[in-house]
Amino acid sequence: MSSSSAELSEQEQRRREERTELEERGIDPYPYTWDVDAHAEEILDTFEDDKHQPDDGEPGEYEVSIAGRITGMRVMGGSAFFDLRDESGTIQVYVRSQDLGEDFYEEVFTELFDIGDIVGIEGFVFRTGMGEVTVRAADDFQLLAKSLRPPPPVKEETEDGEVVEQHYEVTDKEFRYRQRYVDLFVNPDTREVFRQRAELISTMREFLDDRGYLEVETPVLQPVYGGATARPFKTHHNALDMPLYLRIADELYLKRLLVGGLEGVYEISKDFRNEGLSRFHNPEFTMMECYVAYKDYEWMMDTTEALLRTVTTALHDDPVIEFEDHEIDMGGEWTRIPFFDAIEDATGFDLYQSDVEQVYEVANDDLGLDEVDPDMDLGELLDEIFSETVEPALIEPTFITDYPIELSPLAKKHRENEGLVERFELVVAGREIANAFSELNDPQDQRERFEAQARQRAEEEDVDVSDLIDEDFLRALEYGMPPAAGLGIGIDRLTMLLTGQESIRDVILFPLLRPE
RNA sequence: AGGCUCGUAGCUCAACUUGGUAGAGCAACGGACUCUUAAUCCGUGAGUUGGGGGUUCGAAUCCCCCCGGGCCUACCA
């Protein structure tokens, strides 16, 4: 994108002229530092109560040095108010000609400073006649970065320092996703979502660290991908002249670490899946996966309850959240119901140990599901029935347990029930939030399931069966992996749930979009 | 990939149904104003109506194609 003046808006050209004018006056439009010793929110908090009632308009003991972006400006002749926005919030600044010198006030401030510029203020805190806590720029006022692009207009109605109403005029979601930097400085709600996301992750990390699990980093670039069924992104390493895949899951590497003798490991990191985009899917997304030796999925359900209770409480000071008109209690013990029982409760059909034909009949004839066809295998049919009839109705946190083996090639066979595995998914508000199993550690069983899976995929995608099997992972299992429980939680979807966002794009800073 | 829907000034929108040459608020610019707060008052400039083609004397408006967005569906355990 060239910046020839013909392409610039009138406002952009004017700001460039102002920059030149500043330089001609010997004012650096991009100086180096500013000593900040206060932020908007803490100043407002401090003076909220009447004990700290600053003298009206007199320099007092409340000296502060602040910095931020100018938002609204209200100039009245020889004095002016503007709003200064820093990371913590917004505070009003008062500027007077007689404080700063007429030359600076009339020729620099009112002429060459604009909304969007980043400035530093040294002065003192006072309360205006209207009662608003305000910083008077009595001692110093400097430009810290000239803004050459006008920001979208922002207006706030405030009352006693409280923002009563936002007048944020960019409602275009595309603009907000593409120019997230603008969304962030203009919209405090956006900043709050990402602050909560960070707190969620650090609370989760603290929870896992406290239990002695080791945070590790495993390869993103993998010669064989696995641990989930999804199409991968493919890339190429030049020096080794070999194809590589971006990981679709961390699972197979983390389990190698259990073989290595680590008894509790976790990783919080990006996975990549080359699939479609939707409000629940971004091609790169963040997963937490955790594996603990000598435990099983029953134990992992208890741990998951504790983890999510801790995280929810950290964000809301309360385990009860509001989501899409529901009140959801993330504290307490959650219902645990086996997969086939849940289907029977919802449909009246007991499909445990039914064959493909019977399940197809139920799905198609009895339940009238649109998306089923006779080519689907047993796993696909059961999954379709489950996600159409059971999942949407589960609002309160619910563990669905004991999945059919066809759906779970990495989970250990159920210790009692034929055809099932020891697996659970946690469903909240109709969404899958966590997925976990007693991990399959029998290398022969694992090889058979890999091969069955690979044969099917090799047919569909016209590739070699041997290329699809992670032989090194099987080699590791053959050395012996302790019994273990594993858990995966999609951080983006959990963030959506806990911050009330309806699109994954609202919890990812820079979601993938088509190129402009 | 399919369905629905949208694209007009820096931002939010009107004019489209019923074709007549684009308008308002905010932002910007000039002026007044030293406790305002969506400041106010007076004045000014600002648009290839997403792009291309067609119909017409005349298209933001009607028709076709393309580009881009949003929502839904599909794919994605």
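A, B, ... follow the sequence lines: proteins, then strands. Residue 1 opens every chain.
- Sequence order on RNA chain B of the closest nucleotides to A/T134 and A/G77 puts A/G77 first from the 5' end.
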Show the distances under 3.5 angstrom between N or O atoms of the protein and N or O atoms of nucleotides 2-8 of chain B.
none

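- When the salt bridge (charged side-chain N to carboxylate O under 4.0 Å, His left out) test is applied to A/E448, no partner is found at least two apart in sequence or on another chain.
- For A/E344, the salt bridge (charged side-chain N to carboxylate O under 4.0 Å, His left out) test picks out no residue, with sequence neighbours left out.
- The salt bridge (charged side-chain N to carboxylate O under 4.0 Å, His left out) check on A/D445 picks up A/K413, A/R449, with sequence neighbours excluded.
- For A/Y105, the ring pair (Phe, Tyr, Trp, His ring centres under 6.0 Å) partners at least two apart in sequence or on another chain are A/F109.
- Under the side-chain hydrogen bond (donor to acceptor under 3.5 Å, both in side chains) criterion, A/E275 pairs with A/R231, sequence neighbours left out.
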Under a cut-off of 3.5 Å for both distances of each Watson-Crick or G-U pair, what dot-bracket string does RNA chain B give, using [ ] for crossing pairs and | for inter-strand pairs? (((((((..((((......[..)))).(((((.......))))).....(((((..]....))))))))))))....
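- One finds no side-chain N or O of A/S97 lying less than 4.0 angstrom from the OP1 or OP2 phosphate oxygen of B/U34.
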Would you mind writing out the side-chain donor-acceptor pairs for residues 421-440 of chain A within the sub-3.5 Å range, not counting sequence neighbours?
unit_1	atom_1	unit_2	atom_2	d
A/E422	OE1	A/R415	NH2	2.9
A/E422	OE1	A/S438	OG	2.7
A/E422	OE2	A/R415	N	3.2
A/E422	OE2	A/R415	NE	2.5
A/E422	OE2	A/R415	NH2	3.4
A/R423	NE	A/N435	OD1	3.0
A/R423	NH1	A/L407	O	3.1
A/R423	NH1	A/S408	OG	2.7
A/R423	NH2	A/E425	OE2	2.7
A/R423	NH2	A/N435	OD1	3.4
A/R431	NE	A/A429	O	3.2
A/R431	NH2	A/E324	OE2	3.1
A/S438	OG	A/Y297	N	3.0
A/E439	OE1	A/K255	NZ	2.7
A/E439	OE2	A/G486	N	3.3

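- OP1 or OP2 of B/A39 lies within a sub-4.0 Å distance of a side-chain N or O belonging to A/R74.
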Each nucleotide in nucleotides 68-74 of chain B should get exactly one letter: B, S or -. Can you fill that in based on protein heavy atoms under 4.0 Å? SSS-S-B
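- For A/Y245, the ring pair (Phe, Tyr, Trp, His ring centres under 6.0 Å) partners two or more places apart in sequence, or in a different chain, are A/Y225.
- For A/E284, the side-chain hydrogen bond (donor to acceptor under 3.5 Å, both in side chains) criterion is met by A/K270, not counting sequence neighbours.
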Could you encode protein contacts along nucleotides 27-32 of chain B as a string, one character per nucleotide from 5' to 3', using B for base contact, S for sugar-phosphate-only contact and - for no contact, with a heavy-atom cut-off of under 4.0 Å? BSSS--
